[in-house]
Student: 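Take this structure, written in structure tokens, and hold onto it; I'll ask about it next.
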Amino acid sequence: MKYLLRSLFLIVLLLQSCDEEPWLSGNLKMTKGENWKPMVYVVHPENFESAAQSFMGKVLDSAQIDEHGHFEFNNNPVFQEPVLLEIVVQKEGEKYPTRLLNNNPESDNYFPLVYKTGVHIIIEADIAHFQSSFSIQGPDRENKAMLELRDLRSMAHKKHLKNQKDGHGADEDLLEREKKQYDFQKELIDFADTTEELFPAMVALRWASPAGDYERIAELAYKQSRKWKNLHPEHPWTKEFASLTNKRNLPILVGDIIPDLKLPMKGDEQVSLKEMLKNKKLLLLDVWASWCAPCRVENRNVLVPLWEKYNADDFQIIAYGLESSEKAWDMAIQKDGAYRWVHASHLQGDQNSFMETLRLKTIPANFLLDSEGRVLEKNLHGQDLIDFVDGYMSNP
């Protein structure tokens, strides 16, 4: 009798397991000749740094796509709290399931979604346009926000970065490309600023800089670290992001007092920045180099006219050069007409105490300082710099 009862119990368990819904299932459109693997992978980025980053997540499971494009995941991931998972597809010949594309939202090969225990997720997508076509049936609040973020990223990419490739184009166009990149990043961080959903916000911050470089968007990133520390102070991703965007890891921020740098002037004289600020209404600390094409254009077209217009009214420029050749430095100063203002350099290239103190890695860079050394604005170029100086100097 007891063997019969045990058998019945096992049959009931088997029937229950057969009736359980897969936690993730869906249908993918696959066109012959596109050479996609008939597989779907679930990848878990275990920390903020791993999110939206190739080769850093942990593969939890995989599922075969059948001849009708259907797939199912039946083994529920075991997590106590909500987590971010990445649903990934790969081209034939790609041996790493964790390779994530972040080049083009129209064709990137993964989608980040929030998983909660007990929730069943049904998706559809065109595998060749996986991220852009990805849809979720009846998404919860977090995943609805993730879909909204996806759409925003796609539109921002088309608006600011379409047909643009990193590192391409004339050197003189660098500032224009950097501005477009900044505008793209700002739209993503503005999304993080308006949402209350942690994981969509964290993905927005990763998509803003997949390389984790927040130098050019330091103020935006620092503001986000403060927001999420207030909302989710104990979450490990919040702590990790706060560490990355600690002031000690970012360039001097707008609103901060700049350190009293000792500047090695031409002729080996050491001059205190604090002394240079005395009796100055506005000081532009410009970081440039003789080999930097956009710096040279800015010298001639922007800085010379500003100096001529406002120097008599207590506007000063101090230019720090990332130079190793004094001859090249002198030639550039003379050719650009930059001899009008004062110059400093350690003549040690980009490895020097000046860059370390200000925590800078990228040029052109600049800081607009009041008489107390407070950073009023920074990294303004071209017409933006002209407009700021005109507006500030015209006020009594």
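Predicted model only: the values in this text are computed from it and were never measured. Computed from heavy atoms alone, side chains included, the values below leave out hydrogens, waters and symmetry copies.
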Student: To check you understand the geometry: which heavy-atom pair defines the closest contact between Ser107 and Leu101, and what is its length?
Tutor: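 Shortest heavy-atom separation between Ser107 and Leu101 comes out as O-CD1, 4.5 Å.
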Student: Would you confirm whether Ser133, through its side chain, and Ile127, through its main-chain N or O, come within 3.5 Å as a donor-acceptor pair?
Tutor: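 Such a contact is absent between Ser133 side chain and Ile127 backbone.
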Student: Do side-chain atoms of Asp314 reach the backbone of Asn311 as a donor and acceptor pair under 3.5 angstrom?
Tutor: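 No, because the side chain of Asp314 does not come within donor-acceptor range (under 3.5 Å) of the backbone of Asn311.
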Student: Tell me if a side-chain donor or acceptor on Asp260 pairs with a main-chain N or O of Lys274 at a distance below 3.5 Å.
Tutor: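 Flag set: sc Asp260 to bb Lys274 pair under 3.5 Å.
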Student: Both conditions, 6.0 Å and 45 degrees, for the charged tip of Lys116 above the ring of Trp23: are they met here?
Tutor: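 Here Lys116 fails the 6.0 Å and 45° test against Trp23.
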Student: Check whether any side-chain N or O of Ser225 sits under 3.5 Å from a backbone N or O of Tyr222 as a donor-acceptor pair, and report yes or no.
Tutor: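 Checking the backbone N and O of Tyr222 against the side chain of Ser225, a donor-acceptor pair under 3.5 Å is found.
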Student: Could you tell me whether Glu275 and Lys278 make a salt bridge, using a distance below 4.0 angstrom between a side-chain N and a carboxylate O?
Tutor: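 Result for this pair is yes, salt bridge flagged.
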Student: Does the side chain of Gln224 come under 3.5 Å of the side chain of Thr245 through a donor N or O and an acceptor N or O?
Tutor: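 Absent: no donor and acceptor within the cut-off.
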Student: So does Lys281 pair up with Asp313, basic N to acidic O under 4.0 Å?
Tutor: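 Asp313 and Lys281: not salt-bridged.
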Student: Are Lys361 and Asp350 within salt-bridge range, i.e. N to O under 4.0 Å?
Tutor: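 Asp350 and Lys361: not salt-bridged.
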Student: Considering residues, nucleotides and ligands other than Lys158, do more than 12 of their heavy atoms fall under 6.0 Å from its NZ?
Tutor: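 Open: at most 12 neighbouring heavy atoms sit under 6.0 Å from NZ of Lys158.
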Student: Verify, without hydrogens or angle tests, whether Asp336 (side chain) and Ala338 (backbone) share a donor-acceptor contact under 3.5 angstrom.
Tutor: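 Such a contact is absent between Asp336 side chain and Ala338 backbone.
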Student: Does any donor atom in the side chain of Asn47 or Ser50 lie under 3.5 Å from an acceptor atom in the other side chain?
Tutor: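 Yes - a donor-acceptor pair under 3.5 Å links their side chains.
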Student: Counting N and O atoms only, with roles assigned by atom type, does the side chain of His70 sit under 3.5 Å from a partner on the main chain of Gly26, one being a donor and the other an acceptor?
Tutor: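 Yes, because the side chain of His70 sits within donor-acceptor range (under 3.5 Å) of the backbone of Gly26.
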Student: Any idea which heavy atoms bring Pro200 and Ala145 closest together, and the distance?
Tutor: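 Taking every non-hydrogen atom into account, CG-CB, 3.8 Å.
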Student: What I want to check is whether the side chains of Glu323 and Ser290 have a donor and an acceptor closer together than 3.5 Å.
Tutor: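 Their side chains do contain a donor-acceptor pair, which is all the 3.5 Å distance test asks for.
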Student: Specify whether Phe71 and Phe73 have parallel, tilted or perpendicular ring planes, treating 30° as the upper limit for parallel and 60° as the lower limit for perpendicular.
Tutor: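 The arrangement is perpendicular - the two ring planes meet at more than 60°.
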Student: Does atom NZ (Lys280) have a neighbourhood of more than 12 heavy atoms from anything else shown, all under 6.0 Å?
Tutor: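 Enclosed: over 12 neighbouring heavy atoms sit under 6.0 Å from NZ of Lys280.
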Student: Can a donor-acceptor pair be found, under 3.5 Å and without considering hydrogens, that links the side chain of Tyr115 to the backbone of Pro77?
Tutor: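 Here the side-chain-to-backbone pair exists.
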Student: Indicate yes or no: does Lys186 engage Asp190 in a salt bridge with an N to O separation below 4.0 Å.
Tutor: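 Salt bridge between Lys186 and Asp190, a charged N being under 4.0 Å from a carboxylate O: yes.
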Student: Decide whether His129 and Gln131 meet the rule of one side-chain donor and one side-chain acceptor closer than 3.5 Å.
Tutor: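 No pair is found: no donor N or O on one side chain lies under 3.5 Å from an acceptor on the other.
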Student: Specify whether Phe111 and Phe134 have parallel, tilted or perpendicular ring planes, treating 30° as the upper limit for parallel and 60° as the lower limit for perpendicular.
Tutor: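 Rings of Phe111 and Phe134: parallel, under 30°.
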Student: Any side-chain to backbone donor/acceptor pair from Ser243 onto Lys239? Under 3.5 Å, distance only.
Tutor: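 No.
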Student: Please determine whether the number of non-hydrogen atoms from other residues, nucleotides or ligands lying under 6.0 Å from atom OH of Tyr96 exceeds 12.
Tutor: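 No, OH of Tyr96 has 12 or fewer neighbouring heavy atoms, counting only those of other groups under 6.0 Å.
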Student: What verdict does the side-chain contact (heavy atoms from CB on, under 4.5 Å) test give for Leu198 and Leu231, after you've listed the backbone C-alpha separation in whole Å, the side-chain angles of each residue and the deciding distance to 0.1 Å?
Tutor: CA-CA 9 Å; Leu198 175 64; Leu231 290 178; over 6 Å; no
Student: For Ser135 and Glu124, run side-chain hydrogen bond (donor to acceptor under 3.5 Å, both in side chains): C-alpha distance rounded to whole Å, both residues' side-chain angles, the deciding distance at 0.1 Å, then the answer.
Tutor: CA-CA 5 Å; Ser135 66; Glu124 288 189 2; 4.8 Å; no
Student: For the pair Asp193 and Lys223, evaluate salt bridge (Lys or Arg N to Asp or Glu O under 4.0 Å) and give the outcome as yes or no after the intermediate values.
Tutor: CA-CA 9 Å; Asp193 198 39; Lys223 180 182 176 183; 3.5 Å; yes
Student: List the atom of Ala51, the atom of Leu84, and the distance in Å for their closest heavy-atom pair.
Tutor: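 So the two residues come closest at CB-CD2, 4.2 Å.
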Student: Give a yes or no answer on whether the side chain of Asn366 reaches the backbone of Leu380 with a donor-acceptor pair at less than 3.5 Å.
Tutor: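 Indeed, once roles are kept as given, a pair shorter than 3.5 Å links the two residues.
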Student: Please evaluate residues Asp286 and Asn299 with respect to the criterion side-chain contact (heavy atoms from CB on, under 4.5 Å), reporting the C-alpha separation (whole Å), side-chain torsions for both, the decisive distance (0.1 Å), and the verdict.
Tutor: CA-CA 10 Å; Asp286 187 52; Asn299 280 345; 4.3 Å; yes
Student: Should we say atom CE of Met265 is surrounded by more than 12 heavy atoms from elsewhere, each under 6.0 Å from it?
Tutor: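 Counting other residues, nucleotides and ligands, CE of Met265 exceeds 12 neighbours.
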Student: Flag the pair Leu368 / Leu385 as yes when at least one side-chain heavy-atom distance between them is below 4.5 Å, and no otherwise.
Tutor: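 When only atoms from C-beta onward are counted, Leu385 and Leu368 do touch, with a gap below 4.5 Å.
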Student: Quick one: closest heavy-atom pair of Val59 and Pro97, and the distance?
Tutor: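 Looking at all heavy atoms of both residues, the closest pair is CG2-CB, 4.0 Å.
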Student: What's the shortest heavy-atom distance between Gln316 and Trp341, and which atoms?
Tutor: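 Closest pair (atom of Gln316, atom of Trp341, distance): OE1-CB, 3.9 Å.
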Student: For the residue pair Tyr320 and His346, does the interplanar ring angle fall in the parallel (under 30°), tilted (30 to 60°) or perpendicular (over 60°) class?
Tutor: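 Because their plane-to-plane angle lies in the 30° to 60° range, the rings of Tyr320 and His346 count as tilted.
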Student: For Gln64, I'd like to know if atom CD has over 12 heavy atoms of other residues, nucleotides or ligands within 6.0 Å.
Tutor: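 Counting other residues, nucleotides and ligands, CD of Gln64 exceeds 12 neighbours.
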Student: Can we say Lys91 and Glu34 salt-bridge, meaning some charged N sits less than 4.0 Å from an Asp/Glu carboxylate O?
Tutor: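 Looking at Lys91 and Glu34, the cut-off is not met.
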Student: Same hydrophobic cluster for Val119 and Met146, using side-chain heavy-atom links shorter than 4.5 Å among ILVMFWY?
Tutor: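 Cluster IDs for Val119 and Met146 match.
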Student: Does anything in residues 376-390 form a side-chain hydrogen bond (donor to acceptor under 3.5 Å, both in side chains)? List the pairs, not counting sequence neighbours.
Tutor: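 Every side-chain hydrogen bond (donor to acceptor under 3.5 Å, both in side chains) pair that includes a residue of residues 376-390, provided the two are not neighbours, is Arg216-Asn379, Glu219-Lys378, Glu298-His381, Lys309-Asp390, Tyr310-Asp390, Gln383-Asp387.
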Student: Under 3.5 Å, is there a donor-acceptor pair between the His157 and Glu106 side chains?
Tutor: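 Their side chains do not contain a donor-acceptor pair, so the 3.5 Å distance test is not met.
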Student: Between the side chains of Arg206 and Gln53, is a donor N or O closer than 3.5 angstrom to an acceptor N or O?
Tutor: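 There is such a pair between these side chains.
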Student: Aromatic ring centroids of His232 and Phe241 under 6.0 Å?
Tutor: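 No, too far apart.
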Student: Which atoms form the tightest heavy-atom contact between Leu147 and Pro139, and what is the distance?
Tutor: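 For Leu147 versus Pro139, the nearest heavy atoms are CD1-CG, 4.1 Å.
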Student: Could you check whether Asn143 and Asp140, counting side-chain N and O atoms only, form a donor-acceptor pair closer than 3.5 Å?
Tutor: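 Side-chain D/A pair, Asp140 to Asn143: present.
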Student: Is there a salt bridge (Lys or Arg N to Asp or Glu O under 4.0 Å) between Asp183 and Lys159? Walk through the geometry before answering.
Tutor: CA-CA 9 Å; Asp183 291 340; Lys159 182 178 177 182; over 6 Å; no
Student: Is the shortest side-chain N to carboxylate O distance from Glu92 to Lys37 below 4.0 Å?
Tutor: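 Lys37 and Glu92: not salt-bridged.
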Student: Between Asp108 and Arg153, is there a side-chain N and carboxylate O pair less than 4.0 Å apart?
Tutor: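 Looking at Arg153 together with Asp108, the answer is yes, because their closest N to O distance falls below 4.0 Å.
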Student: Ignoring hydrogens and geometry, is there a side-chain-to-backbone donor-acceptor pair from Asn246 to Ala242 under 3.5 Å?
Tutor: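 Between the backbone of Ala242 and the side chain of Asn246 there is no qualifying donor-acceptor contact (under 3.5 Å).
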Student: Taking Glu197 first and then Arg141, would you say they form a salt bridge - that is, a charged N and a carboxylate O separated by under 4.0 Å?
Tutor: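 Counted as a salt bridge, because a side-chain N and a carboxylate O are separated by less than 4.0 Å.
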